[in-house]
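See below for the structure under consideration.
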Amino acid sequence: MASEPTVSIAIKTPDLQTRYGEGYEATELHWEVYVGNEHLAGLDGSKSFTGETTIDLRLVEGKSYNLLFWAVSPDQDIYSVANRKLTIDASKLKANQEVYDAFYAYEKDFVASSKDVRTIELRRPFAQLNIATADIVPTASAGVSVTETGVEFDAYTVLNLVDGKVSQKTTLSYSSDDRATGQVTIDGETYEMLSMNYLLVNEKEVTSVKMTAVNEGETINREYSLVPFQRNHRTYIVGNLLTTSVGINIIILPGFDDPAHIKDGE
């Protein structure tokens with residue numbers, strides 16, 4: 001009879017310094033175990049973690065498994081996972097929510113071994129959209145003080161966690177909420193953050209983005225066309241966004257170690 005030793009697996013996320021905001025929000029780790037497509041529900045589990053942890057599973061030595069891991073914030077209410085698919089409830093989306101960050105990994109043909117500790121790195125399934133402006137000070141002097149922002153764009157609401165494919169494309173409206181805060185420096189220019197949001201995309205995607213900025217009940221509307229996105233990368237729309245619609249730059253920065261790609265805006 002095959003033995004079922006304890007197999008230790010180290011789970012980690014990438015360098016958290018690449019993230020927007022401070023701290024780590026996706027602190028709720030979940031996992032499921034499969035043999036082929038057969039779900040071994042008795043081995044499902046979850047635990048709290050802060051970017052790195054080790055779990056122990058009772059698996060048959062030398063047998064091949066498929067392992068699914070995902071991590072979300074316990075404070076989010078838009079994601080659900082069933083049948084190895086992540087689904088977004090588009091009716092609940094609010095702008096500028098760091099708690100929407102999430103990570104996952106699907107480890108296919110994992111051969112159980114109690115002799116060493118395997119490390120599995122979770123990856124962000126999203127692109128991150130950041131909108132930042134250089135004209136906060138001039139607009140404040142003119143009596144404009146942006147307190148909330150919202151965005152709208154076409155993206156997907158379903159992610160197959162097995163093969164990474166997205167589906168159910170629709171127009172997503174992230175309702176206005178407290179604007180993103182902080183600064184970002186790109187090519188020597190410092191910008192004040194207005195908006196930060198996550199979206200499901202294919203490996204590469206181009207879409208239009210609408211932003212609303214709320215100033216004491218009045219709304220400033222901006223639209224940006226042909227905005228490129230790439231999964232696990234960050235797209236920045238930067239410029240004097242509140243006072244003009246020209247001189248806009250669209251910049252893609254890698255999630256980790258890929259070369260940066262910069263594209264002048266239209």
Side-chain angles (χ1 to χ4, degrees), residues 11-20 25-26 30 32 34 66-72 76 78-90 93 97-98 100-110 119-131 151-174 184 186 195-211 224-238 248-266:
I11 309 298
K12 62 179 295 187
T13 55
D15 181 2
L16 300 184
Q17 295 303 313
T18 63
R19 296 161 51 82
Y20 166 85
E25 297 288 346
H30 302 264
E32 294 177 352
Y34 295 81
N66 296 325
L67 307 178
L68 172 61
F69 300 92
W70 72 95
V72 294
Q76 66 83 26
I78 65 165
Y79 303 134
S80 60
V81 175
N83 300 318
R84 292 182 285 183
K85 290 183 179 180
L86 180 146
T87 301
I88 298 174
D89 184 346
L93 291 171
Q97 303 298 311
E98 180 64 15
Y100 290 172
D101 203 1
F103 298 85
Y104 87 105
Y106 188 75
E107 189 76 3
K108 186 175 173 60
D109 298 327
F110 176 92
T119 298
I120 295 175
E121 186 171 279
L122 308 186
R123 289 284 180 173
R124 185 181 286 114
F126 311 108
Q128 187 190 74
L129 169 63
N130 301 277
I131 302 177
V151 292
E152 181 179 289
F153 42 69
D154 290 341
Y156 299 86
T157 59
V158 176
L159 171 68
N160 187 316
L161 296 171
V162 175
D163 59 19
K165 293 181 179 179
V166 289
S167 59
Q168 302 297 316
K169 191 173 188 179
T170 188
T171 299
L172 298 180
S173 296
Y174 290 64
V184 59
I186 299 175
S195 178
M196 183 285 306
N197 294 279
Y198 298 99
L199 61 156
L200 280 179
V201 296
N202 280 312
E203 288 301 323
K204 293 186 178 181
E205 194 94 19
V206 175
T207 189
S208 296
V209 173
K210 295 180 181 179
M211 181 190 72
Y224 311 102
S225 60
L226 300 176
V227 179
F229 292 97
Q230 189 169 344
R231 188 177 295 180
N232 207 41
H233 283 56
R234 296 161 290 162
T235 293
Y236 281 90
I237 300 174
V238 296
I248 308 303
N249 283 335
I250 299 175
I251 301 165
I252 293 181
L253 296 179
F256 306 101
D257 55 2
D258 296 335
H261 171 67
I262 298 178
K263 171 183 181 247
D264 290 333
E266 300 298 331

Exercise. Which residue, V209, V206, N202, forms the side chain to side chain contact (heavy atoms under 4.5 Å, CB included) with F229?
Worked result: V209

Problem set entry | Point-to-point distance, once rounded to the nearest 0.5 Å, from OG1 of T235 to CG of L129 | 6.5 Å

Exercise. Do I248 and I237 pass the side-chain contact (heavy atoms from CB on, under 4.5 Å) test, and can you show the C-alpha distance, the side-chain angles, and the key distance before you say yes or no?
Worked result: CA-CA 7 Å; I248 308 303; I237 300 174; 3.7 Å; yes

Problem set entry | Test log, rule side-chain contact (heavy atoms from CB on, under 4.5 Å), inputs Q128 and M196 | CA-CA 7 Å; Q128 187 190 74; M196 183 285 306; 4.0 Å; yes

Exercise. Between F69 and I120, does a side-chain contact (heavy atoms from CB on, under 4.5 Å) hold up when you go through it step by step?
Worked result: CA-CA 9 Å; F69 300 92; I120 295 175; 3.6 Å; yes

For this session: Could you tell me whether the side chain of E98 and the main chain of D101 form a donor-acceptor pair under 3.5 Å?
Result: no

Problem set entry | Min side-chain heavy-atom separation Y224-M211 under 4.5 Å | yes

For this session: Look up atom CG in L86 and atom CG in L200, then write down how far apart they are to the nearest 0.5 Å.
Result: 6.5 Å

Exercise. Should the heavy atoms of other residues, nucleotides or ligands under 6.0 Å from CG of N83 be counted, would the total exceed 12?
Worked result: no

Exercise. Among I78, V151, L199, whose side chain to side chain contact (heavy atoms under 4.5 Å, CB included) with L93 holds?
Worked result: I78

Problem set entry | Contact check, side chains of F126 and Y100, non-hydrogen atoms, under 4.5 Å | no

For this session: Output the distance between atom CG (L172) and atom OH (Y156), rounded to the nearest 0.5 Å.
Result: 11.0 Å

For this session: Using modelled atom types only, decide if a donor and an acceptor are shared between the side chain of N130 and the backbone of Y236 within a distance under 3.5 Å.
Result: no

Seminar exercise, completed: To the nearest 0.5 Å, atom CG of L226 lies from atom CD1 of I250 at 7.5 Å

Exercise. Going by heavy atoms in the side chains, are N197 and S195 under 4.5 Å from each other?
Worked result: yes

Problem set entry | Rounded distance [0.5 Å steps], OG1 in T13 versus CG in L122 | 6.5 Å

Problem set entry | R124 backbone acceptor or donor facing R231 side chain under 3.5 Å | no

Exercise. So, does Y174 use its side chain to make a donor-acceptor pair with the main chain of Y198 at under 3.5 Å?
Worked result: yes

Seminar exercise, completed: Between the NZ atom in K165 and the CG atom in L159, the distance rounded to the nearest 0.5 Å is 12.0 Å

For this session: Using the side-chain contact (heavy atoms from CB on, under 4.5 Å) rule, take F103 and E121 through it: C-alpha gap first, then chi angles, then the decisive distance, then the call.
Result: CA-CA 9 Å; F103 298 85; E121 186 171 279; over 6 Å; no

Problem set entry | Min side-chain heavy-atom separation I251-L253 under 4.5 Å | yes

Exercise. Between F153 and T171, is any pair of side-chain heavy atoms under 4.5 Å apart?
Worked result: no

Problem set entry | Exam field: side chain S173 to backbone E152, donor-acceptor pair closer than 3.5 Å | no

Exercise. Would you say E32 and H30 make side-chain contact, with heavy atoms under 4.5 Å?
Worked result: no

Exercise. Can you find a heavy atom in the side chain of V158 that is under 4.5 Å from one in the side chain of V166?
Worked result: no

Exercise. Are E205 and K169 within salt-bridge range, i.e. N to O under 4.0 Å?
Worked result: yes

Exercise. Do Y104 and V81 touch side chain to side chain, with heavy atoms closer than 4.5 Å?
Worked result: no

